[in-house]
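Lettering follows sequence order; numbering is per chain, from 1.
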Amino acid sequence: MILKAEGLRKLYGGFCALDGVSLAVGAGEFVSIIGPNGAGKSTLINILTGVTPPSAGTVRFKDRDVSGIGPVRLARLGMARSFQLVQIFPDLSVLETLQAAVVARLGRGTRLFASLSGDREVQEGALEVAELFGLGEKRHVPARQLPQGDKKLLDVASAFALRPEIILLDEPTSGVSTADKTAIMEIMVAAAKRIGIQAIIQVEHDMDIVFGYSDRIVALHQGRILADATPAEIRADQRVVDTVIGRRARVR
Amino acid sequence: MTGGLVLILALLAIVVAPWVAPTYYLLLMLPFMAYAVVLLGLNLLFGYTGLVSFGHALFIGIGAYTGAFLAAHLTVRSMEVFLVAAAIAGALVAAPVAALCVRYVKIYFGMLTLAFGMVFYTFVLKFYRLTGGDEGLPFPRPALLGFPLDAMPKTDYLVGPYYYYSLAVLAVATLGMWRVVRSPFGLCLKTIRDNPAKAETLGIGVTRYRWYAFMISAVYASVGGALLGPPTGNVDPTLAYWTHSGNLVFMTLLGGFSSFFGPVLGAFVFIYLQNWVMSVVPYWRLIFGAILAVIVIFAPGGLMGLFARARPAEVARG
């Protein structure tokens, strides 16, 4: 198991956002977390990525307790994430954004007088990821000028450029047109293979995406795990269909 | 390309100026070059890291007082010693100040830097025996590269050897900063300026990098402060006063903080414009206040931003 969470609880005042959630993700897995709004998905992601410490329970990443250690150290250990609301560096170009990730991965951020443009490993590493995500031609475009879909791709690409062992994607296709969603997923899955990312965890609302790509689906409801099973088993589980999937289907 | 040409021409003009320009204008070049060093550092924090300091006059004060103090109490007369000592003193003071300030951002960061500036101002004002109080300390003419030069008339010294000495220091400071902003480190600073939360998820320790940027900017400001000593001849507490910090921010905005040379241009225009306005009307602050308002509203990119808009092919990068 790469990532193992046990007995996670999170209390916000009197409100229990997570109530005894356990989860394990192994190498080669693509796991989707689903659930209605308020089910605790974001809280879970924030705890797994070390942003929020849990009220109780532990998160172990590669057999190390990482609960609440913060995003910086977690990124160095090999866990990356992207955000639900797209996060970019508005004034940096596509290439600069990816270079920053490569610089951070190689631990070269404190090279004060070294030439960035002369660092071949950084240049090539960034270009390679740009190509993988189909952003090669736009590599000199400032991030703020990219169309929404490309901003999303860049956000994810910069997490991939860290060459993490595991990546957590918080609604990777939110805010993207239905037509583009599959394209983004295809690019990501192919890139993950090329880069050697061992496991992907995503929070996703789009059931086509969830069922089309997941090896395993974790359904959350009111802070508890309702089901943790393969897509086929989830589809057959009437409880999950009623509380999670059915509700979404009706909304759409 | 055009930018490089302008730079070479500007450098050439500065080099030949002592043969052709009137002494009066040459003397104004000395504070310009000192401020240029200060602003190169300040802009690493402002333009590249996204933190606006309203207290950097503190470090000008540290640099200038370090030189004057060494001269008054230890009879040191070497400019090289002054510069190195200023850099060390600036770093020593900046280390704890920066550690506190970089935990905050935006207005809170600005206010904290302002507060530390005020503390230092009051310190130099009140500790009369060390600092000379409101009268300050004389900054005697230093030897340059070991040459005493005491026999020279003061003006000849300033517009001759000291002019080129300042230029050399500015050149080294510029080259150093040019490399820093183009290094992997510089790129990390820009990610922090643009989106600190995202920078953290890439594994960039935001607080630590802000501290580094603050330290470098403080060392630059201290060196610039020491450079300001000889032409002023006397250091007094107003060097560290908050309005002086305000002038630094003004110069940066005037030239344009999103361009590498913007603040340097800002310092140049500020000094000569201030000199001219003061000679025409007695209320230069009134005029300058109006100019600042116009810049903020109509040209947020400063003078460099105006040039860049005129030549869209070379939008201010880096």
A:R163/A:E128 salt bridge by N-O under 4.0 Å criterion: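 Yes.
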
Between [options], the one whose heavy-atom pairs under 4.5 Å with chain B are most numerous:
options	answer
A:G118, A:A100, A:A143, A:G107	A:A100
A:S115, A:P90, A:G109	A:G109
A:D119, A:V122, A:D155	A:D155
A:S158, A:A114, A:S117, A:P164	A:A114

Any donor-acceptor N or O pair under 3.5 Å, side chains A:T58, A:K4: no

B:R208 CZ: over 12 foreign heavy atoms closer than 6.0 Å: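 Enclosed.
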
Beyond-backbone contact of A:K41 with A:V218, side-chain heavy atoms, under 4.5 angstrom: no

4.5 Å side-chain heavy-atom contact, A:F89 and B:L202: yes

Can you tell me which portion of [X] sits under 4.5 Å from chain B's heavy atoms? Options are side chain, backbone, both or neither.
X	result
A:A80	neither
A:L112	both
A:L77	neither

Sub-6.0 Å ring centroid separation between A:F160 and A:F133: yes

side-chain hydrogen bond (donor to acceptor under 3.5 Å, both in side chains) pairs, two or more places apart, involving residues 67-80 of chain A: A:D65-A:S67

B:F270 and B:F250 aromatic ring geometry - parallel, tilted or perpendicular at 30°/60° bounds: perpendicular

Contacts with chain A made by residues 210-226 of chain B (heavy-atom distance under 4.5 Å), listed by residue number: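 Those residues of residues 210-226 of chain B which have a heavy atom under 4.5 Å from chain A are B:Y212, B:I216.
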
Test: B:K106 cationic atom under 6.0 Å from B:Y108 six-membered ring centre, within 45° of axis: no

